[in-house]
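These notes are about the structure you will find just below.
Worth saying up front: this structure is predicted, and the values here are computed from it rather than measured. Every chain is numbered from 1, with letters handed out A, B, ... down the list of sequences.
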Amino acid sequence: MSGKGIHIEALQKRYGSGDTAVDALKRVDMQVAPGEVVGLIGPSGSGKSTLLKCLGAVIEPTAGRMVLGGEVIYDDGWKVKDLRALRRDKIGFIFQAPYLIPFLDVTDNVALLPMLAGTPNAKARSKARDLLNALDVNHRAQAIPSQLSGGEQQRVAIARGLVNRPPVILADEPTAPLDSERALAVIRILNDMAGKFETAIIVVTHDEKIIPTFKRIYHIRDGVTYEETGEGRRNLREKFKLS
Amino acid sequence: MINLAGRDIMHAWGKFIFTGVGLGLLIGVTLSMAGIYRGMVDDAKALLDNSGADLWVVQKDTIGPYAEPSSVYDDTWRSIRGIQGVIRTANVTYLTMQVHQGERDVRAMITGIMHSELGTPGWPPYLIAGRQITRSHYEAVVDITTGFKIGDRLQIRRNHYSVVGLTKRMVSSSGDPMVFIPLKDAQEAQFLKDNDAILQQRRRTSQNLAFKQPGVFEAVIASQNTNPYVNAILVQIESNHNAEEVAKTIRRWKRLTVHTRSQMEEILVGKLIATSAKQIGMFLVILSIVSSAIVAFIIYTLTLGKIREIAVLKLIGTRNRTIINLIMQQAIALGVIGFVVGKITATLVMAPIFPKYVLLEPLDSVWGFIAVIVICVLSSIFAIRTALKVDPAEAIGG
């Protein structure tokens with residue numbers, strides 16, 4: 001698969017050199033289509049975070065090829081000069097904890113990204129409000145993060161990840177602090193948004209509650225990925241009304 | 001674009017204001033220190049202005065009468081008066097001592113002035129209450145900061161004086177208020193001994209065989225109990241004459257040292273208060289260093305408290321410039337709050353209660369403000385370096 005979405009081919013990451021070198025990623029191959037949400041699971045130390053950092057253009061891989069949203073960003077070397085702009089415009093991040101900016105209200109937490117990209121304040125806030133409406137947290141638009149519940153905070157974080165309409169979203173254990181009901185609600189939102197905005201989403205998770213909800217799952221172990229599918233997972237998705 | 005620094009300050013304004021107030025008190029002390037130095041210089045200039053002199057004639061090779069002891073015969077003023085260009089001359093004595101009023105005493109500079117008319121050098125140029133000294137003995141005009149009132153009875157040595165006038169801003173170079181008394185009284189006060197000492201002196205003189213001749217003993221005793229010296233002769237010159245030229249003539253013919261106004265300023269500011277000025281200068285440097293360290297520590301701590309947010313901001317594509325602005329604007333805001341609090345504290349709290357005259361010059365405040373802002377900007381560099389080193393990967397964890 002090529003074009004939009006995420007396309008990773010033979011990605012490697014080595015820390016250090018010589019006798020002390022550690023191969024955190026030995027071979028990663030992944031494809032995520034636009035509008036698709038896939039899970040990435042693996043034990044501690046398997047390379048999940050390293051893979052996310054490589055995909056997020058935060059650390060440089062050692063070898064391989066990465067295509068995000070139709071743009072080759074890495075091919076045995078960075079192909080993009082401004083990684084900061086790449087992260088701002090092409091990649092949305094959702095973290096285990098919401099990590100909202102505590103001194104900005106909900107609207108400005110979401111509107112900050114388009115503002116950073118040069119969008120006028122009024123337009124950025126309008127975009128933020130539309131998204132908050134879609135995520136059903138518009139009634140808390142003037143609140144600051146500490147006044148929100150955990151679920152509300154995570155929805156605001158999702159809105160922040162989506163506001164620039166990035167072709168790719170990387171979610172790092174987004175349901176970890178939530179109970180089952182709220183965790184499934186978040187996954188439902190991610191699925192809806194992926195479909196609505198044609199966004200390719202990778203969700204790194206340990207959360208057994210949500211693992212069965214993914215259409216496709218990538219396992220990563222010792223720096224190597226492989227894909228898993230299953231009938232049971234399909235049934236769960238129908239139960240939770242996930243397309 | 002949102003002003004992140006402003007939003008952060010508004011979010012935790014209480015903490016920020018209290019921090020600013022704490023810094024402000026320190027800045028207030030720093031501004032007051034500068035004000036104390038200015039006050040000392042102004043006191044010194046006030047002393048010269050109030051003397052009404054253009055030239056100070058003092059003992060040869062001394063920098064008297066304020067910075068060194070000086071004795072000049074009290075009849076020298078007559079011959080100086082005759083020099084071309086001199087319009088007025090007057091003897092003057094200065095003696096810093098305790099002035100008593102009942103149980104209370106005040107440290108003051110006793111100034112002996114010649115019995116003459118208003119405008120005579122050495123006289124207080126204006127009064128805020130009462131009248132000038134009109135009698136030859138036992139009247140006093142005092143600076144209002146002595147706390148004495150018209151009609152009060154003062155004791156200087158063994159003599160009592162009635163306060164007949166109050167004046168203002170008449171202080172010595174060290175800030176002691178001035179008490180003006182008639183010259184003869186002041187000359188006596190300079191060497192007046194107690195009765196026991198006089199008795200002892202007479203006994204010792206009477207036992208000296210050299211004085212046991214008719215008339216000699218009485219003459220020696222008389223000379224021991226009179227003081228024919230004054231500390232300086234104040235000279236006013238005609239407006240169409242050059243002060244330095246007149247001073248040169250006096251030096252040449254009278255074999256005395258003469259200081260012009262500019263030389264006297266140099267002596268007072270450059271020598272008399274030089275040590276105090278250095279001490280204040282050291283305090284200013286120490287306070288500036290302490291203020292810098294505190295600002296740096298506060299800004300650094302505020303930044304450390306935002307490391308996770310900074311990592312997130314960097315991860316989502318915030319430019320370094322935006323993060324630098326966030327930290328630097330907060331440092332500057334802290335400096336502005338601190339300066340405003342410091343200026344108010346120095347002006348309304350410290351200056352009125354400080355026992356010395358504190359002169360807060362507007363230009364010093366401008367320089368102080370610039371220094372505070374520069375210190376804040378420099379102090380924020382540590383925090384900025386730390387923030388720029390934050391790895392955006394910290395937001396992802398792992």
- Note on the structure: Answer key: most heavy-atom pairs under 4.5 Å with chain B among A/Asp105, A/Leu104, A/Thr119 is A/Leu104

- Of the listed A/Asn121, A/Leu52, A/Asp89, the one with the largest count of heavy-atom pairs under 4.5 Å with chain B is A/Asn121

Quick one: [atom1] on [X] to [atom2] on [Y], what's the gap to the nearest 0.5 Å?
| X | Y | atom1 | atom2 | answer |
| --- | --- | --- | --- | --- |
| B/Glu309 | A/Tyr99 | CD | OH | 9.5 Å |
| A/Leu112 | B/Ile2 | CG | CD1 | 5.0 Å |
| B/Arg319 | A/Arg88 | CZ | CZ | 5.5 Å |
| A/Ile59 | B/Asp391 | CD1 | CG | 8.5 Å |
| B/Arg7 | A/Asp108 | CZ | CG | 4.0 Å |

- Correct closest heavy-atom pair for A/Pro102 and B/His11 would be O-CE1, 3.3 Å

Which bit of [X] comes within less than 4.5 Å of chain B, counting heavy atoms only: side chain, backbone, both or neither?
| X | result |
| --- | --- |
| A/Leu116 | both |
| A/Ile91 | neither |
| A/Phe95 | side chain |
| A/Pro120 | neither |

- Does the side chain of A/Arg87 reach to within under 4.5 Å of the side chain of B/Leu315, using non-hydrogen atoms? yes

- For B/Leu4, is it the side chain, the backbone, both or neither that has a heavy atom under 4.5 Å from a heavy atom of chain A? both

